[in-house]
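Below, each value reflects all heavy atoms present in this structure, side chains not excepted, and no hydrogens, waters or symmetry copies.
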Amino acid sequence: MNETLNCMETRRSVRGYKPDAIPADELIEEVAKAGTFAPTGMGAQSPVIVAVTNKEVRDRLSRLNAAVLGTQADPFYGAPVVLVVLADRSRPTHVYDGSLVMGNLMNAAHAVGLGSCWIHRAREVFDSEEGKALLRQWGIEGDYEGIGHCVLGYPAEGQPKAAKPRKPDYVRWVR
């Protein structure tokens with residue numbers, strides 16, 4: 001089977017991570033770079049990727065996300081790295097553009113041996129005053145919407161779970 005297709009078929013969301021840091025920024029850079037090659041409407045490249053490896057900032061993002069969810073648990077499943085995907089709301093395709101970036105990030109993570117998971121609630125986090133303050137602190141100006149948090153790390157024991165069988169009518173042919 002083609003290596004790219006195999007990667008897409010075998011990637012799974014990881015919902016439990018070893019606490020180990022990813023030892024080389026190069027792996028994170030490879031994953032982030034793959035995100036920059038996602039298709040975007042009219043090639044406008046509306047998304048921005050923020051690579052968070054600082055534990056304090058990672059934990060702050062986790063707390064903000066958990067507050068939206070109404071829980072104290074870590075919604076990032078212990079992953080040590082968060083790639084935040086934001087997209088410029090002035091672009092009519094910004095949600096789709098950011099979603100394609102998220103897909104590329106997750107497939108690239110799997111390709112380099114990392115686990116990943118798309119964590120929602122980025123829109124709510126970055127629409128909050130504290131989230132907007134983080135964007136300003138990071139030098140991100142304009143009207144950006146949080147699309148997703150792509151958490152990265154080494155999968156914990158028993159992760160990822162096996163894929164569910166594909167539903168029989170997933171693809172419908174019109175010939």
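Here the closest non-hydrogen pair linking Gln159 and Gly16 is CG-O, 3.6 Å. Pro75 and Ala73 make their closest contact through CD-O, 3.0 Å (heavy atoms, listed as atom of the first residue, atom of the second, distance). Contact detail for Arg12 and Ala162: the closest heavy-atom pair is NE-C, 4.3 Å. Here the closest non-hydrogen pair linking Leu83 and Leu105 is CD1-CD2, 3.9 Å. For the pair Cys117 and Tyr77, the tightest heavy-atom approach, listed with the atom from each and the gap, is SG-CE1, 4.3 Å. Of all heavy-atom pairs spanning Pro160 and Ser13, the tightest one is CB-O, 3.8 Å.
Using a 4.5 Å heavy-atom cutoff, the side chains of Val50 and Leu134 are not in contact. Contact check for Ile147 versus Ser99: side-chain heavy atoms found under the 4.5 Å cut-off. Side-chain contact between Lys161 and Arg15 is absent, with no heavy atoms from C-beta onward closer than 4.5 Å. Contact annotation: the side chain of Leu61 approaches that of Phe126 to within less than 4.5 Å [non-hydrogen atoms, C-beta and beyond].
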inquiry  = As a quick check of understanding, evaluate salt bridge (charged side-chain N to carboxylate O under 4.0 Å, His left out) for Lys55 and Asp59, giving each step before the final call.
reply    = CA-CA 6 Å; Lys55 182 166 176 22; Asp59 291 348; 2.8 Å; yes
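Rounding to the nearest 0.5 Å gives a distance of 8.0 Å between NE2 of His110 and CG of Asn107. In this structure, CE on Met106 lies 10.5 Å from CG on Leu152, to the nearest 0.5 angstrom. Taking CG of Asp88 as the start and CG of Asp97 as the end, the distance is 9.5 Å to the nearest 0.5 Å. In this structure, Ile119 CD1 and Ser62 OG are separated by 9.5 Å, a value rounded to the nearest 0.5 Å. Rounded to the nearest 0.5 Å, atoms OG1 (Thr10) and CG (Leu5) are 10.5 Å apart. Here Tyr144 contributes atom OH and Leu135 contributes atom CG; the two are 9.5 Å apart, rounded to the nearest 0.5 Å.
With hydrogens and angles disregarded, a donor-acceptor distance shorter than 3.5 Å links the side chain of Asn65 to the backbone of His120. Asn104 places a side-chain N or O within 3.5 Å of a backbone atom of Ala34 that can act as its donor or acceptor partner. The backbone N or O of Ala79 lies less than 3.5 Å from a partner atom in the side chain of Arg58, making a donor-acceptor pair.
When the shell of 6.0 Å around NZ of Lys164 is examined, it contains 12 or fewer heavy atoms from other residues, nucleotides or ligands. The local environment of OH in Tyr96 is sparse, with at most 12 non-hydrogen atoms from other residues, nucleotides or ligands closer than 6.0 Å.
Note: the hydrophobic cluster containing Val31 does not contain Val52 (ILVMFWY, side chain heavy atoms under 4.5 Å, direct or indirect links). Under the 4.5 Å side-chain heavy-atom criterion for grouping Ile, Leu, Val, Met, Phe, Trp and Tyr, Val81 is not connected to Leu86 through any hydrophobic cluster. Connection of Val95 to Val84 is not established within any shared hydrophobic cluster, with ILVMFWY side chains joined at heavy-atom distances below 4.5 Å, either directly or through further cluster members. A continuous path of ILVMFWY side-chain contacts below 4.5 Å connects Val112 to Ile28, so both sit in one hydrophobic cluster. Linking ILVMFWY residues whenever their side-chain heavy atoms come closer than 4.5 Å, directly or via other members, leaves Val14 and Tyr154 in distinct clusters.
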